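Report on the structure given below.
When a ligand or atom number is given, it counts from 1 through the structure's own listing order. All of these numbers come straight from a predicted model, not from anything done at the bench.
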Amino acid sequence: MIKSVNLDPWEQVAQHLGVDLYLDLQPDPSGSARWRGARRRQSLATALRASISDGRLAPGTRLPPYRSLAADLGLARGTVAAVYQELIAEGWLVARQGSGTHVADTPRPDLPKPMTRQRKTPDTVHDFGLGQPNSSLFPRTEWIAATRRAITAAPDRAFGPGDPQGSERLRVSLAGYLARARGVRTHPDDIVLTTSVMHALDLLSRSVFGDVLAVESHGLPFHRAVIERGGTVTTPVPIDNDGADIDQLPTDVSAVLLTPSHQFPTGVALSPPRRAAAIEWAGDHDGLIVEDDYDGELRYDREPVGALQALNPDAVIYTGSVSKSLSPAVRIAWLVLPPRLVDRVRAAKGPREPDASIIDQLVLAELIDSGAYDRHIRRSRQYYRRRRDHLTDAFARAGVTIPGIAAGLHAVIPLSAETEHVVFEAAARRRYALAAMSQYRHPHADGGSVVPPGLVVGFGTPAASTYHADVSALVSLVAEDAPNP
Ligand SMILES: Cc1ncc(COP(=O)(O)O)c(C=O)c1O
């Protein structure tokens, strides 16, 4: 007999598994009775994995036959069978001929222990943290000067409650900037300002996404988490050297989240045929593409790849922020929407701007309009190009080629699948802040992706005074712990 901690439909799961166990089941965030296949499957798989990994389902425990579990729970047999197969493939369960499905004797023997991304702590020695530019580059003088001008010129009404769509002045500036810098086609009325891309995804999951959203098989786990909290299940689409494999989009999805200019974390760009395929898919299926253009301006060797949004502004939602160009501390981001979606997203914010500082939005508008933002981007591009070159040269001398296009603020140091975990653990012991590719894998990604295992490092983060030493230390670490990567 199982006791469940949640009083939701999944309590039934707990009551029918036939062993004494608490299951930490995901409640239905929308409270809706419309539990679709993907959500059922994902919740059951997550609950079983959690029960096995924390020992509540002991090695060797026999699970009920999937047919009877499906009948007891009112689930499709195929759903339970698919979950059992998935957990067998992952090494959690084993099928024994004639005696059903059991918890493996050493669950997941072939997979490394879960790793958590190494964040910067006071003890960090080599800071290759992700998700931020170099702090010393923040244009303090220009920001202060822009603040003075923006506040002096702002009309009194600028200091009242904010429009949930965000400052009109910044929307006008951004519409112009995104058009000239990224090729985005929009009107200020079709922009909704947010505090971050994460906030933008949160708003979309509460207002636009349906039950299921396809996402790249490797991406930011906290982006998936915020989408799932809003009630949308994420399902992985494989990626390879051409970006997301659009032909493999599941048939039941009507929206997909992509990083077309610079796949995060592999660093590849969505190839021209795949860009065309994505736009065609949206046209044929009445589908939506969400384009996360998180570092589109930071491109070093090549002509910029323009925004996918320009190919069909009615089918693509474009999002970006200043987290990589200025600082994640500024908290300004944007959603460029097909006009038909603006009211829905705006309504999800409520009657007034609930989170963002309209004052800071005015300052950013002033920074853009004065040309200071463009100058800052050009300076940053040169700075990071030098850093990127130093990193690739240092690894090239050690015989390691860094894959991906020369863009953005992160790079992948390729390792074999076997050594990724070893080197990551060694890095953690020596107090590096960095990440491993496998940490970005969607839990349901089935191995159909072509993704280089390795370390994911933020090369913008280290201080200028230590950058060369940090890179040398990283090369030595990789050479010592993975001599033939
Ligand atoms: C893939 C990806 N998307 C978006 C962002 C921007 O995030 P935010 O605007 O939420 O700070 C980042 C920043 O690290 C990122 O890596």
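Taking a cutoff of 4.0 Å between a charged side-chain nitrogen and a carboxylate oxygen, Arg274 and Asp240 qualify as a salt bridge. Salt bridge present: Asp202 and Arg206 bring a charged side-chain N and a carboxylate O closer than 4.0 Å.
The ring-ring contact (aromatic ring centres under 6.0 Å, His included) search around Phe128 returns none, not counting sequence neighbours. The salt bridge (Lys or Arg N to Asp or Glu O under 4.0 Å) search around Arg169 returns Glu366, Asp369, not counting sequence neighbours.
Among Tyr467, Tyr432, Phe459, the single residue meeting the ring-ring contact (aromatic ring centres under 6.0 Å, His included) criterion with His126 is Tyr432.
Sorted by first then second residue, the salt bridge (Lys or Arg N to Asp or Glu O under 4.0 Å) pairs that include residues 127-136, not counting sequence neighbours, are Lys120-Asp127.
Sorted by chain and number, the heavy-atom contacts of ligand 1 below 4.0 Å come from Gly131, Ser196, Val197, Met198, Leu220, His223, Phe264, Asp292, Tyr294, Ser321, Ser323, Lys324.
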